[in-house]
Amino acid sequence: RQNYRGSKPADNDPPPADNGEPEAERPMDGQPLPSLLPPRSDVVLVFPYKTSALVKWGDAEMDEGARGLQPPSDQDKHRMESWKAKRGTVLHALSDSGLVLMLYYSRDRDEIFVRIGADVNHLKQIAEMTRYKLELKPQYLSAYAEYRNDYPGRREVKYVDRCVVSHIYKSHQALADEQAYPQPGAIFRTADRIRLIDHIIRSSDHNCAGVDIGQLMHDGDLKHYFPMHENSRLRELDEDWFKCFAWGSPEHIDKVRDYFGERIALYFLFMSHLNKWLIIPSVVGVALFIYEVIVGTPDNKTSLILCIGMSLWAMLFVHFWRRLAATYTVKWGTYGMGKQLEPTRPEFKGVSRINPVTGRVDRYYPWSERIWRVLFSASVLTVTCIALGFCIMVLFLLRHIFHQNNGRFWWQIVNALCVEFFNEVFKAVAKWLTDRENHRAYSEYQNHLLAKSVVFKFINCYISLYYIAFFKNNETLFGQPMVCVDHDCLKDLGSQLAVFMITRLTLQNFLEFGWPYIVMFIRNYRENTTFNTSMFTNPLTVMPDLSSAEKQSKREDYDVYEDMDEVLILYGYTTLFVVACPWVPLLAAISSMLECFLDQKKLVFLYRRPFPVPAANNEPWDTAFDIFGVLAMVTNTAVIIFSSTAFEGWTHKSRLLLFIAIEHMMVLGRVGLSLLMPSLPKSVRVLQMQQSVMVHRHLNLGGEEDDHETRANAMLTSQAAGPFIFDADDEDDDA
């Protein structure tokens with residue numbers, strides 16, 4: 001192992017390393033390091049060292065030859081030399097920026113792990129330089145303000161301009177250390193340290209390394225870059241998983257935010273909001289289902305009440321979620337946060353140029369070339385949706401032909417399995433199309449991927465239900481007359497919706513939780529097989545265990561996009577056709593709770609720790625859920641008016657006028673609700689203004705108002721410098 005104690009060396013000091021490989025421990029000035037406890041390593045870089053664990057290379061080449069490893073080919077040697085040179089350059093930059101590095105080999109010596117930390121003074125310097133916002137103490141309303149060091153004042157004015165603000169920042173300590181005196185670095189949460197270290201690594205500012213992580217990963221010179229997990233915090237989150245991830249109580253959702261960042265915390269806050277709001281529809285839906293069983297059909301007098309109730313529910317759900325999200329983002333200091341400059345995706349391809357924003361060499365890909373790829377994606381999406389509609393109609397035809405002997409039920413299951421299969425296939429197709437479009441930032445990439453997925457999955461998941469509700473009865477399909485079950489389309493619609501929900505609840509959750517285990521098992525098996533082949537010939541030799549960083553490097557990256565995509569589909573099943581199957585909200589509540597449990601297990605045990613991403617809202621998902629809410633109002637109303645027997649005696653024109661009237665009333669109610677109860681609650685808006693005043697008073701002015709009066713009196717009694725008087729104007733002398 002090797003420690004780099006970062007600081008800029010003098011001109012005659014030897015560099016920390018010449019080749020970027022672990023050597024003996026060596027300090028910044030060539031003298032032995034003092035036995036001080038190094039700062040915690042928060043971030044890990046994983047560099048490739050050898051092209052294969054079966055190749056001998058590096059300082060231990062003689063020992064590796066004794067173990068029977070093979071010499072590298074000329075191509076492998078050239079590639080490893082290139083890795084060595086680039087790795088050394090990166091390590092020099094990291095060490096010169098003041099970071100503390102710890103280097104060691106992987107178990108089979110084909111990778112080099114670099115654990116990176118930073119001391120408290122360096123973090124404070126970077127926080128002040130970047131105007132990083134930290135939380136203040138509760139007596140200062142827990143506001144967020146940019147970090148500033150204490151200013152001792154000037155001696156010539158008798159220190160009246162002294163400003164001491166270090167005491168106003170909140171200390172974040174573990175529960176076991178709450179009684180102890182706070183450490184100097186306690187003002188930084190783990191997420192704060194990770195963000196500041198990431199800035200030091202990526203930025204070209206003063207005392208920063210300026211390492212282009214995206215370019216290194218794009219070129220294959222860096223394999224992984226991720227934050228380290230904290231086992232004690234993970235155990236705490238796992239023990240309180242229900243309160244942290246499923247119910248979202250304020251103190252517990254703050255723990256999720258402190259560990260994973262605001263983006264993931266908003267996702268689980270949304271899931272907890274959904275779980276709570278599904279309680280009433282679940283209870284009412286079960287009661288209406290019992291009545292439906294007694295009556296024998298969902299087409300009864302309660303369907304209109306259920307339609308209006310769920311339409312209002314869908315309208316209110318997103319609105320009150322936005323109020324809840326605004327409340328928490330104000331509390332977290334991210335409300336109203338503007339768009340930030342994002343790092344370049346490693347997969348992004350382009351020509352090198354000077355970035356007009358950062359002034360650094362960056363990759364650039366013109367929109368004039370991307371537009372053709374976007375048009376190609378739109379064409380593929382259109383053709384795919386047409387082919388999908390044809391396949392689903394063929395399934396309905398086969399279901400109609402083989403409907404005897406419970407054949408209809410089995411074809412409903414086949415339809416549900418086909419929907420899940422097509423979703424997985426198009427997920428890969430949409431990812432391939434979006435990769436071809438070559439977007440630079442993650443937000444652009446996810447927005448385009450979301451647009452494709454929503455269009456395709458809406459057609460794939462719901463076209464069967466729309467066909468049953470509005471077009472199946474007394475119509476022909478490929479020349480065959482179609483009819484609903486018992487001439488009751490709501491019963492047919494309800495049975496198909498129930499099959500969709502049950503299939504998704506079982507199959508999707510099983511694959512979601514089981515697939516990461518399968519991937520991790522395969523990787524560990526390959527790793528152990530290669531290790532046994534490359535290191536030991538004696539079967540009785542005990543294998544050393546993997547380091548914590550190496551274990552985490554074998555895991556998958558977590559992406560909240562996939563989980564939100566699944567919840568959006570579930571939300572559509574729950575709200576769009578609930579009048580045909582009143583107990584669907586109960587299934588949705590069970591599925592949502594199970595989703596929270598599985599997502600928590602994935603984050604804690606199966607995935608690498610994601611970088612904490614600040615977020616002001618849950619967009620673009622809030623807009624997507626809002627659109628689904630509007631569609632739910634329209635669809636449920638249309639099912640009751642046009643497909644049920646409640647208005648069977650009405651003319652088509654009268655039904656249409658009633659439909660328009662109900663929709664307009666709901667839209668007006670939605671607008672009125674937004675005016676009466678805006679997305680930012682009044683109490684939160686007042687708190688935000690109070691926090692601004694508090695920050696201005698204590699950070700910008702240096703204390704309470706009476707302190708300013710004392711300071712003003714001191715300045716009046718102190719001797720002030722007299723005015724300078726010139727005999728002539730400088731401009732006249734120059735003339």
Side-chain angles (χ1 to χ4, degrees), residues 297-299 303 307 310 381-403 407-423 425-426 454-504 568-582 584 627-628 630-648 652 655-656 659:
T297 176
D299 188 3
S303 58
C307 167
M310 283 304 296
L381 179 62
T382 303
V383 174
T384 304
C385 291
I386 295 174
L388 174 66
F390 177 79
C391 292
I392 293 177
M393 292 302 103
V394 170
L395 285 176
F396 270 98
L397 179 63
L398 294 175
R399 170 185 161 182
H400 174 73
I401 295 175
F402 301 101
H403 69 277
R408 178 181 287 110
F409 172 73
W410 292 109
W411 279 104
Q412 287 180 339
I413 296 178
V414 171
N415 191 4
L417 293 176
C418 288
V419 166
E420 298 299 329
F421 173 76
F422 289 147
N423 279 340
V425 171
F426 188 77
V454 166
V455 172
F456 177 85
K457 291 184 177 181
F458 184 87
I459 296 176
N460 182 42
C461 295
Y462 309 123
I463 188 174
S464 302
L465 303 177
Y466 275 101
Y467 174 75
I468 295 173
F470 300 111
F471 304 105
K472 181 179 180 181
N473 202 27
N474 299 322
E475 296 290 340
T476 58
L477 181 64
F478 300 115
Q480 293 288 333
M482 306 297 291
V483 63
C484 293
V485 178
D486 300 331
H487 298 280
D488 189 347
C489 287
L490 262 63
K491 181 185 293 186
D492 198 352
L493 178 63
S495 62
Q496 183 65 76
L497 178 59
V499 171
F500 278 168
M501 286 289 294
I502 295 174
T503 303
R504 188 169 188 83
L568 182 63
I569 300 301
L570 174 67
Y571 184 77
Y573 280 135
T574 306
T575 58
L576 288 176
F577 299 96
V578 68
V579 294
C581 191
V584 159
I627 293 174
F628 269 63
V630 174
L631 291 174
M633 291 191 299
V634 174
T635 302
N636 283 287
T637 305
V639 167
I640 292 300
I641 294 178
F642 297 106
S643 299
S644 70
T645 58
F647 302 94
E648 191 173 10
H652 183 73
R655 292 184 180 185
L656 183 61
F659 173 78

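Values below: every heavy atom of this structure, side chains too, minus hydrogens, waters and symmetry copies.
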Verdict with supporting geometry, Asp492 and Gln412, side-chain contact (heavy atoms from CB on, under 4.5 Å)
CA-CA 10 Å; Asp492 198 352; Gln412 287 180 339; 3.8 Å; yes

I would like to know whether Ile468 and Phe577 meet side-chain contact (heavy atoms from CB on, under 4.5 Å); could you show each step before the answer?
CA-CA 11 Å; Ile468 295 173; Phe577 299 96; over 6 Å; no

Given Phe642 and Phe470, is the ring pair (Phe, Tyr, Trp, His ring centres under 6.0 Å) satisfied, shown in steps?
CA-CA 8 Å; Phe642 297 106; Phe470 300 111; 7.4 Å; no

Walk me through it: do Val499 and Ser495 pass the test side-chain contact (heavy atoms from CB on, under 4.5 Å)?
CA-CA 6 Å; Val499 171; Ser495 62; 5.6 Å; no

Take Val639 and Cys307, measure what side-chain contact (heavy atoms from CB on, under 4.5 Å) needs, and give me the verdict at the end.
CA-CA 9 Å; Val639 167; Cys307 167; over 6 Å; no

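Taking each heavy atom of Val584 and Thr574 in turn, the nearest pair found is CG1-CA, 3.7 Å. Annotation for Lys457 and Ile569: closest pair CB-CD1, 3.8 Å, computed over non-hydrogen atoms. What you find for Leu497 and Cys581 is that their closest heavy atoms are CD2-CB, 3.9 Å. In this structure, Ser464 and Ile392 approach most closely via the heavy-atom pair OG-CG2, 3.3 Å.
A distance of 11.0 Å separates CD1 in Ile641 from CG in Asn636, rounded to the nearest 0.5 Å.
Contact check for Leu465 versus Phe500: side-chain heavy atoms found under the 4.5 Å cut-off. Counting heavy atoms from C-beta outward, Leu570 and Met501 have side chains that approach closer than 4.5 Å. The side-chain heavy atoms of Phe458 and Leu631, taken from C-beta on, include a pair separated by under 4.5 Å.
In this structure, the side chain of Ser643 engages the main chain of Ala469 through a donor-acceptor pair within 3.5 Å. No donor-acceptor pair closer than 3.5 Å links the side chain of Asn415 to the backbone N or O of Leu395. Checked by atom type and distance alone, the side chain of Asn460 never pairs as donor or acceptor with a backbone atom of Phe456 at under 3.5 Å.
Between Phe628 and Tyr571, the two ring planes are tilted [angle within 30° to 60°].
The six-membered or imidazole ring of Tyr462 lies away from that of Tyr466, with a centre-to-centre distance of 6.0 Å or more.
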